[in-house]
Every structure is written in C-alpha cells, then in structure tokens.
Amino acid sequence: MTSPDPLSEIAGAAPQRRGFGIDVGGSGIKGAIVDLDTGQLIGERIKLLTPQPATPSAVAKTIAEVVDAFGWTGPLGVTYPGVVTHGIVQTAANVDKTWIGTNARDVISAELNGQHVTVLNDADAAGLAEERYGAGKGHAGLVVLLTFGTGIGSALIHNGTLIPNTEFGHLEVGGREAEQRAASSVKERKGWSYEKWTKQVTRVLVAIENAIWPDLFIAGGGISRKADKWVHLLENRTPVVPAALQNAAGIVGAAMASTTDVTH
Ligand code: BGC
C-alpha cells in the first residue's frame, strides 16, 4: 500500500496511487513516478545513458542515481531485456552476458539501501501497461504484445493476467529465430522497405497464432510509431493494433509490477 497523498486529501479528492518504474534499455535508463489509476507519468521522466559495458553493478548504480533524483524511497519495478525468474536473470540475448545468473533484484536493492525491487522482462512490463491503460484496454481474452526493436520481445496476457517470460522472439520460424527474421533492426540493417519487412513479420505472427490463437496482437517498439506505414500490410488473421503508450509503457508496467508481484 502506498501512503495517502496529503495534498489530494486536503482538496477532498481520492488519494492517488503512485508507483515508480525504471526501464532499462540498451542506450538509456529511464525512470518516472506513475499514477497507477490512470497509467500517466507524474511529472518528468529522467533518462541517463546506459553505462558501457552494461554490467549488473554499473547498471544498478545508474538505476540508483535515477531513483535518488526523485527522492523515491518506496518499492520500485525495473525492466530487464531478457528472461527473469524470481529476480534471477536467465538470458542475455542483446546485453552484457555477465547478467546471466545474477540476482538482479538483490544487486539493485543493495544500491538502494534495501528498497524493495521487482525485476521483470521489458516486454512483459510493456504488455501489462498496454493491456491495462493502452491499446489492449477493454479487450478480454488472450492478448499478445510484441515489441519490435533490436530483438523481438513478447508478452502474453490472459484476461489481464500476465503469463511471464514468453520468448516468442526466439521461436524458430522457417528455420530461423523470429527476431533474426523480423526485428526492426533487421529492416534497418538490410535497408528493407516496409513491404519487404512486413512479409517477415507476417510469418512470425502466423507462427504464433497457429500455436496459441490469440484474440489480439499489439505491435510495440519504436517502429509502432510509424504503424500507419506497415500494420495494414500484414496478412495474418488475428487483428493487430499499434501500441498506444509508446516509450512510457516499460516504465508504467514496471511501476505496476512493483505493487503486485507478477514475476515467478
Ligand atoms: C529478449 C527478450 C526481450 C527482447 C526485447 C529479446 O532478445 O530475449 O527477453 O524482451 O529482446 O528487449
């Protein structure tokens, strides 16, 4: 439980539920306070450069700088771009390999005088946020969010409940890993048109829908900002909608996870 906000009590309004989220990415570590009733950020977000090499202790120190800049002393959620079970990092596809086997929860908490830390996969965080406040709002059933970036991240949510650590980006599709076929970094690297790239995305979506029959796909990641250029080119059968929260989704989902433990 967060403590009531004295200012809103004075004004007679219902106290705001607040959380704090940190989104760890390859280039930046971003944090903000989140209004958990609306999914909006409260005030500015702070972004510091991700230290290189992005080892656990260097990243934990940068996270602590962001948290300290807000004077936040409560529980917080932190995203990580790989599999995390019970706070322990299991994979490091696009980040420093020294993360594997690290208890990220403990390493980060130790830099923060023992503040309670929940660590979850970055796409899982975005999925939680999009499902509650964004493109998945009001959609019951099985929702899959995919983030297209350096790799492909995935979140699987059933009637609001996250099934954590799906790694659809590493599914083998036609003899290749999905993310090597259809991440947006592949489009950039190869100089592909949207037409050419969406053919690969379609193959990935079809592989997922044939396996689990979702009701809705949400397309996230930076390239979802240009959704009008490519979503209509997709030829799979399940509806695809662009993400709505854009680059706040990770922060918002991390803040949500800090109040309900969605990891396993
Ligand atoms: C990782 C996922 C992550 C995604 C986006 C993939 O390579 O395996 O865990 O969500 O990249 O960062």
Side-chain angles (χ1 to χ4, degrees), residues 21-31 47 50 52-54 56 59 63 77-105 118-131 134 136 143-157 162-173 176-189 197 200-201 204-205 207-208 212 214 217-225 242-243 245-254 256-257 262-264:
I22 294 259
D23 193 17
V24 176
S27 58
I29 295 179
K30 300 170 285 186
K47 176 175 174 179
T50 305
Q52 298 301 335
V59 168
I63 290 172
V78 177
T79 72
Y80 170 80
V83 173
V84 187
T85 55
H86 310 288
I88 316 276
V89 169
Q90 308 291 354
T91 67
N94 299 309
V95 287
D96 202 278
K97 302 291 177 231
T98 55
W99 277 96
I100 296 175
T102 301
N103 187 325
R105 201 157 59 185
T118 303
V119 184
L120 78 166
N121 173 264
D122 55 358
D124 281 347
L128 282 174
E130 287 291 343
E131 213 272 339
V143 176
V144 173
L145 168 124
L146 296 174
T147 60
F148 296 91
T150 309
I152 296 180
S154 62
L156 180 64
I157 295 167
L162 172 73
I163 292 97
N165 290 311
T166 54
E167 284 285 325
F168 295 148
H170 297 285
L171 273 184
E172 195 179 302
V173 178
R176 267 159 78 198
E177 265 190 313
E179 73 175 22
Q180 282 167 18
R181 193 175 267 293
S184 60
S185 60
V186 177
K187 176 182 183 301
E188 271 162 49
R189 199 171 61 243
W197 176 66
Q200 299 301 325
V201 177
V204 170
L205 298 184
I208 297 171
I212 58 162
F217 279 115
I218 302 175
I223 202 158
S224 67
R225 265 176 250 145
L245 301 176
Q246 308 295 353
N247 52 19
I251 294 177
V252 174
M256 288 167 71
V262 291
T263 57
H264 70 161

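All of these numbers come straight from a predicted model, not from anything done at the bench. Hydrogens, waters and symmetry mates play no part in the numbers below; they use all other heavy atoms, side chains included. In listed order, ligands and their atoms are each counted from 1.
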Indicate the ring-plane relationship of Trp99 and Tyr80, choosing parallel, tilted or perpendicular according to the 30° and 60° boundaries. tilted
**OP:** Let me see the working for Leu171 and Val204 under side chain to side chain contact (heavy atoms under 4.5 Å, CB included), right down to the final yes or no.
**Re:** CA-CA 8 Å; Leu171 273 184; Val204 170; over 6 Å; no
In a simple table, one pair per line, please give the protein and ligand 1 atom names for every N or O pair closer than 3.5 Å, along with the distance.
| residue | atom | partner | partner atom | Å |
| --- | --- | --- | --- | --- |
| ligand 1 | 7 (O) | Asn94 | ND2 | 3.3 |
| ligand 1 | 7 (O) | His170 | NE2 | 3.3 |
| ligand 1 | 7 (O) | Glu179 | OE1 | 2.8 |
| ligand 1 | 7 (O) | Glu179 | OE2 | 3.3 |
| ligand 1 | 8 (O) | Glu167 | OE1 | 2.6 |
| ligand 1 | 8 (O) | His170 | NE2 | 2.6 |
| ligand 1 | 9 (O) | Gly82 | N | 3.4 |
| ligand 1 | 9 (O) | Asn121 | ND2 | 2.9 |
| ligand 1 | 9 (O) | Glu167 | OE1 | 3.3 |
| ligand 1 | 9 (O) | Glu167 | OE2 | 2.6 |
| ligand 1 | 10 (O) | Asn121 | ND2 | 3.2 |
| ligand 1 | 10 (O) | Asp122 | OD1 | 2.5 |
| ligand 1 | 12 (O) | Asp122 | OD2 | 2.6 |

As a quick check of understanding, evaluate side chain to side chain contact (heavy atoms under 4.5 Å, CB included) for Glu167 and Val83, giving each step before the final call. CA-CA 8 Å; Glu167 284 285 325; Val83 173; 3.3 Å; yes
Any side-chain to backbone donor/acceptor pair from Asn121 onto Gly82? Under 3.5 Å, distance only.
yes
ask   = Given the rule in the side chain to side chain contact (heavy atoms under 4.5 Å, CB included) test, do Ile208 and Leu146 qualify, once you have shown the distances and angles that lead to the verdict?
value = CA-CA 11 Å; Ile208 297 171; Leu146 296 174; 4.0 Å; yes
Minimum side-chain heavy-atom gap Leu128-Leu120 below 4.5 Å: yes
